[in-house]
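Note: hydrogens, waters and symmetry copies are ignored here, and every other heavy atom, side chains too, is used.
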Amino acid sequence: MATDSWALAVDEQEAAAESVSPREETGRDGVGASLYLNNALFFTSFPTEDRAAQSLLNKLIRSNLVDTTNQVEVLQRDPTSPLYSVKSFEELRLKPQLLQGVYAMGFNRPSKIQENALPMMLAEPPQNLIAQSQSGTGKTAAFVLAMLSRVEPGNKYPQCLCLSPTYELALQTGKVIEQMGKFHPELSLAYAVRGNKLERGQKISEQIVIGTPGTVLDWCSKLKFIDPKKIKVFVLDEADVMIATQGHQDQSIRIQRMLPRDCQMLLFSATFEDSVWKFAQKVVPDPNIIKLKREEETLDTIKQYYVLCNNRDEKFQALCNIYGAITIAQAMIFCHTRKTAGWLAGELSKEGHQVALLSGEMMVEQRAAVIERFREGKEKVLVTTNVCARGIDVEQVSVVINFDLPVDKDGNPDNETYLHRIGRTGRFGKRGLAVNMVDSKHSMNILNRIQEHFNKKIEKLDTDDLDEIEKIAN
Ligand SMILES: Nc1ncnc2c1ncn2[C@@H]1O[C@H](COP(=O)(O)OP(=O)(O)OP(=O)(O)O)[C@@H](O)[C@H]1O
């Protein structure tokens, strides 16, 4: 029976999601990681709008560097000192094992932000840095390289300290340290995260500590596992996510106050709103500043259509007609509610489509697994609610269907979400197709306002006319 096959598909998806195991590969090859945790902790459920969850999802599903044509903006603390930028990793005179680690990760040349940030971070005497660029542009790799360059493996105590907003994000960064430090067998890494219990009075011998602010603060002060006076590099990662969590800002500042004056302070953020900037100035004295603008999304390369319907069933029929007339490699379909998304996924599945459903109650790792399968082409249609997919880049999808138009909580058009759903950046300038389903006077009004906002015409499409649909594919 068709419903059974849908149920089966869901089971399969969930099984695939479950097979994503917590990242606890400790002590592989080089850097040994001391991680004393239980698996249950990994599968924490996030509120869907949580920035930390979004950030983690993007990290998990990203396979490549986000490249950009925008220029980096550099503000030097000492404007008279020469500004260095590098076009190759060799120019940085890294330790051979480290260079080997960089190349083993498949990095051929520094990313845009790394070109400027790396020489600054590796300069002598050490300089402080505040850097902002969108997620995926190579910030993590940059500060990991800086930490690994400065650490002295022979000294068996913590010398580099990195703060992350959550346990899961700390693990992700830890993985990068392990990979890049692979050819440094004498280096090791400790995770200062909840659940990682050490015996009182113990001192840590790992040279790099990565953790969340609360635990790191305890380890530095109350428990004295770390001597903060011996820290040479202090990294504050994902500052924007950090300050969104109650208490993290104060804890980070208290940790920073314990560090020696000549400790190098580095702060990274994907966004730079006022609050982040204020925080950054408190924790990073005399900083150099590097900013890389986000590539703007545009609707210029997108063909936009709308379809007039009377109700949900007609919208579904219109969708089937579109599928019947044109070949769609992969599509993303957005619904307003979880209920509609579930219903639609079921109906499409009955029609024989291979459907992936992103649902609000899924845990972040499960969501990542669903997106991963979709990206690999195992499913051809991804049905989701906006809350679920917010901030996730699945740029290669050429067809986007707004089964429901994006509205904010007051029912007004959500232009930003509309642009993010269907817009493309210069890099992915491929033509795309967006179809909006309109099922009431109210939604027609929303559509008109979106059209006015972007000053871009959204053409009407008659989905009962197969010839007309075929034309939109050309
Ligand atoms: N120079 C490089 N060449 C090729 N790939 C790179 C380079 N630097 C980083 N990468 C890869 O690009 C992806 C994004 O890098 P990274 O995680 O450092 O970015 P980020 O700005 O810290 O983003 P996020 O905060 O989301 O992690 C990763 O898969 C990383 O391995």
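- Around atom CD of Glu416, no more than 12 heavy atoms belonging to other residues, nucleotides or ligands sit under 6.0 Å away.
- A heavy-atom distance below 4.5 Å is not found between the side chains of Cys160 and Gln207.
- The backbone N or O of Met362 lies less than 3.5 Å from no partner atom in the side chain of Ser359, so there is not a single donor-acceptor pair.
- In terms of modelled atom types and a separation under 3.5 Å, the side chain of Lys156 and the main chain of Pro153 share a donor-acceptor contact.
- Phe268 places none of its side-chain heavy atoms less than 4.5 Å from the side chain of Leu236.
- Inter-residue side-chain proximity for Met332 and Ile401 is flagged as unmet; no heavy-atom pair is nearer than 4.5 Å.
- Ala329 approaches Lys380 most closely through the heavy-atom pair O-CD, 3.6 Å.
- Not one N or O on the side chain of Lys378 forms a donor-acceptor pair closer than 3.5 Å with the backbone of Ala356.
- To the nearest 0.5 Å, atoms OG1 (Thr384) and CZ (Arg367) are separated by 9.0 Å.
- In this structure, OH on Tyr191 lies 8.5 Å from OG1 on Thr173, to the nearest 0.5 angstrom.
- Contact check for Lys291 versus Val72: no side-chain heavy atoms found under the 4.5 Å cut-off.
- Between Asp408 and Asp414, the shortest heavy-atom contact is N-CB, 3.9 Å.
- Applying the 6.0 Å contact sphere to OH of Tyr84 captures no more than 12 heavy atoms from other residues, nucleotides or ligands.
- Taking each heavy atom of Leu148 and Ile208 in turn, the nearest pair found is CD2-CD1, 3.7 Å.
- Minimum interatomic distance between Gly211 and Val193 (heavy atoms only, all atoms of both residues): CA-CG1, 4.2 Å.
- Side-chain atoms of Glu91 come within 3.5 Å of backbone atoms of Ser88 as a donor-acceptor pair (strictly under, hydrogens ignored).
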Determine all donor-acceptor pairs shorter than 3.5 Å in which one atom belongs to a side chain in residues 223-235; sequence neighbours excluded.
from   : atom 1 : to     : atom 2 : distance (Å)
Lys224 : NZ     : Ser221 : O      : 3.2
Asp227 : OD1    : Lys229 : N      : 3.0
Lys229 : NZ     : Met258 : O      : 2.8
Lys232 : NZ     : Arg150 : O      : 2.8
Lys232 : NZ     : Glu152 : OE2    : 3.0

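- Looking at Lys139, its side chain does come within 3.5 Å of a backbone N or O of Ser133 through a donor-acceptor pair.
- Looking at Glu372, its side chain never comes within 3.5 Å of a backbone N or O of Ala369 through a donor-acceptor pair.
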Apply side chain to side chain contact (heavy atoms under 4.5 Å, CB included) to Met105 and Val176, showing your working.
-> CA-CA 9 Å; Met105 288 180 83; Val176 180; 4.1 Å; yes
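- For the residue pair Ser269/Glu238, the side-chain donor-acceptor check at 3.5 Å is not satisfied.
- A donor-acceptor contact shorter than 3.5 Å links the side chain of Gln159 to the backbone of Tyr157.
- Rounding to the nearest 0.5 Å places CG of Leu94 at 8.0 Å from CG of Leu118.
- For an aromatic pair to be called close, the ring centres must be under 6.0 Å apart, and Tyr323 with His353 satisfies this.
- Side-chain atoms of Asp237 and Ser164 form no donor-acceptor pair, as typed in the model, at a separation below 3.5 Å.
- Under the side chain to side chain donor-acceptor pair (under 3.5 Å) test applied with Gln127, the options Asp286, Asp78, Asn288 reduce to a single match, Asn288.
- Both tests do not hold together for Arg109 against Phe89: distance to the six-membered ring centre under 6.0 Å, angle to the ring axis within 45°.
- Of all heavy-atom pairs between Ser349 and Val355, the closest is N-CG2, 3.8 Å.
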Kindly determine whether Ile290 and Ile130 satisfy side chain to side chain contact (heavy atoms under 4.5 Å, CB included), including the steps that lead there.
-> CA-CA 6 Å; Ile290 295 186; Ile130 296 176; over 6 Å; no
Give the intermediate values and the outcome of side chain to side chain contact (heavy atoms under 4.5 Å, CB included) for residues Leu161 and Ile255.
-> CA-CA 10 Å; Leu161 184 58; Ile255 296 165; 3.9 Å; yes
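- When side chains are defined from C-beta on, Val74 does not count as touching Ile289, because their heavy atoms never get closer than 4.5 Å.
- The CD atom of Gln249 sits 10.0 Å away from atom NZ of Lys278, with the distance rounded to the nearest 0.5 Å.
- Annotation: side chain of Asn402 is in contact with side chain of Pro406 (closest heavy-atom distance under 4.5 Å).
- The shortest side-chain heavy-atom distance between Leu358 and Ile371 falls under the 4.5 Å cut-off.
- Using a 4.5 Å cut-off on side-chain heavy atoms (C-beta onward), Lys112 and Thr137 make no contact.
- No side-chain donor-acceptor contact under 3.5 Å links Glu206 to the backbone of Leu187.
- Within 6.0 Å of NZ in Lys293 there are 12 or fewer heavy atoms belonging to other residues, nucleotides or ligands.
- The minimum heavy-atom distance between Phe374 and Ala331, with the atom names listed, is CZ-O, 3.5 Å.
- Within a 6.0 Å radius of CD in Glu90, other residues, nucleotides and ligands contribute more than 12 heavy atoms.
- Ring-plane geometry between Trp277 and Phe272 is classed as perpendicular, the angle between the planes exceeding 60 degrees on a 0 to 90 degree scale with a lower cut at 30.
- Atom CZ of residue Arg257 and atom CD1 of residue Ile253 lie 6.0 Å apart, to the nearest 0.5 angstrom.
- Distance alone, capped at 3.5 Å, places no donor-acceptor pair between the Thr212 side chain and the Gly214 backbone.
- Looking at Gln202, its side chain does come within 3.5 Å of a backbone N or O of Glu199 through a donor-acceptor pair.
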Do Val400 and Phe334 pass the side chain to side chain contact (heavy atoms under 4.5 Å, CB included) test, and can you show the C-alpha distance, the side-chain angles, and the key distance before you say yes or no?
-> CA-CA 8 Å; Val400 174; Phe334 290 93; 3.8 Å; yes
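- For the atom pair CD (Gln256) and CG (Leu267), the distance works out to 10.5 Å, reported to the nearest 0.5 Å.
- Side-chain contact check for Ser275 and Glu273: no donor-acceptor pair (N or O, by modelled atom type) lies under 3.5 Å.
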